[in-house]
Number of protein chains: 2
Amino acid sequence: MARKTGSHSNITGPRIRTAALSLFARYGYAAVSMRQIAREVGVQAGTLYRYTPDKQSLLFDLMRDHMTTLLGAWDQADCTSQGARSRLSAFTRFHIIYHLERPEAVFVSYMELRNLNPGNFEIIEDLRRQYEDRLESILKSGRREGVFHFPDSKLTTLALIAMLTGVNTWYRHGGRLSPERVVEAYWEMVEKLVHP
Amino acid sequence: MARKTGSHSNITGPRIRTAALSLFARYGYAAVSMRQIAREVGVQAGTLYRYTPDKQSLLFDLMRDHMTTLLGAWDQADCTSQGARSRLSAFTRFHIIYHLERPEAVFVSYMELRNLNPGNFEIIEDLRRQYEDRLESILKSGRREGVFHFPDSKLTTLALIAMLTGVNTWYRHGGRLSPERVVEAYWEMVEKLVHP
DNA sequence: GTCTATAATGGGATAGAC
DNA sequence: GTCTATCCCATTATAGAC
């Protein structure tokens, strides 16, 4: 049986999400219209509402998916049986590489928090806290093992995440440094920062 | 001679800028309307255009003033005759305190870059680069003096600034740590990070 | 599954009265 | 120096045809 003309439901949904992510990252959620997203996808604006209840849900779904995928990927990569120094090295590499591979999702997830409605904001913030907690527990293990020293575990967690995420603001593909070299340099700095 | 009723030109201009800064910080440039700014100030929307040519100039002026004031304040505070370690300590303190005192201007200046038109963007980016260069030259002096070691001066500059500016994302007035304690903790981390 | 058409609202910016 | 009134256009979201 021939497929009906215009029967693209399996592909239109993802294409809407991809277009929205890209436009939100470039111009910001508030500056992007549903018509703009529709044009990018190649459908009329009304059609978008078959795939999302409203613009807010589109933003929220993108951010929630980014955060849950990030958490899942780290939990897969983390070797909890290893020592804290080795786990921190793995975290440094994972965080930089994972974020460099998804600049748009990272950018939207950090910049558009204030455009979430209160309920959605709380859910995203909880996921972010969970990710921070993963790093903090590594730092605390290292302190118990006597291989790390730092002034305050929560504050050091936030300092390290800010430092590592900052790579996304300046890294340019094909620039002076390869991702591998960036990871090396940051690990050298992280290692000294937590040194006893 | 009695002042004319409604003659507030000396105060309305600054009040527009304060209201705009506050609203841009809370809701984002694109999400804030000129009518909203006018309501906050207590004038009609048309009146705003006696004080700014358009909405874009309002944003640009706020960002440019923040960056030039920041640069001027650091150049005032920097004791170039001192050693690099002492200057880096001063920079760490200056950056954290100065940024904590102006959360709205800092937030707007980091979040609304993409809402600047190309010419304005270039001017702000140049000011930002100048500020980064101030830190980088301290790091290079320290390396020449033999009191610092790091993998790459530009990369370390950006890592440190990201780390220090990150304080603004989590610090809450009246929270667990005083600004003074935050400065101490960050200096301890910065010092180790650049340790030979 | 997508389209056209439209409702209801609000946007930036300007003109001219007072 | 501020207000009122207005121009013109864009916005989100929905209804109903095909």
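As a basis for the values below, the full set of heavy atoms in this structure was taken, side chains included, without hydrogen atoms, waters or symmetry mates.
Checked by atom type, the side-chain pair S22(A)/R26(A) shows a donor-acceptor distance below 3.5 Å.
One atom, CG of L48(A), and another, P of dT4(C), lie 14 Å apart when rounded to the nearest Å.
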- Query: Taking protein heavy atoms under 4.0 Å as touching, what does nucleotides 11-18 of chain C look like 5' to 3' if B marks base contact, S marks sugar-phosphate-only contact and - marks none?
  - Reply: BBBB-B--
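The structure places CG of L135(A) at 4.5 Å from OG1 of T157(A), a figure rounded to the nearest 0.5 Å.
Residue Q44(A) places no side-chain N or O under 4.0 Å from the OP1 or OP2 atom of dT2(C). Residue T12(B) places none of its side-chain N or O atoms closer than 4.0 Å to OP1 or OP2 of dG1(D).
Between H99(A) and H95(A), the angle of the ring planes stays under 30°, which puts this pair in the parallel group of the 30/60° scheme.
Under the 4.5 Å side-chain criterion, counting only non-hydrogen atoms from C-beta, E191(A) is not in contact with T92(A). Annotation: side chain of W170(B) is in contact with side chain of V182(B) (closest heavy-atom distance under 4.5 Å).
Side-chain proximity of Y51(B) to the nucleotides dT2(C), dG1(D), dC3(D) is greatest for dG1(D).
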With a 3.5 Å cut-off and sequence neighbours excluded, list the donor-acceptor pairs that the side chains of residues 65-72 of chain A form with protein atoms.
residue: D65(A); atom: OD2; partner: R17(A); partner atom: NH2; Å: 2.8
residue: T68(A); atom: OG1; partner: R64(A); partner atom: O; Å: 3.0
residue: T68(A); atom: OG1; partner: D65(A); partner atom: O; Å: 3.2
residue: T69(A); atom: OG1; partner: D65(A); partner atom: O; Å: 2.5

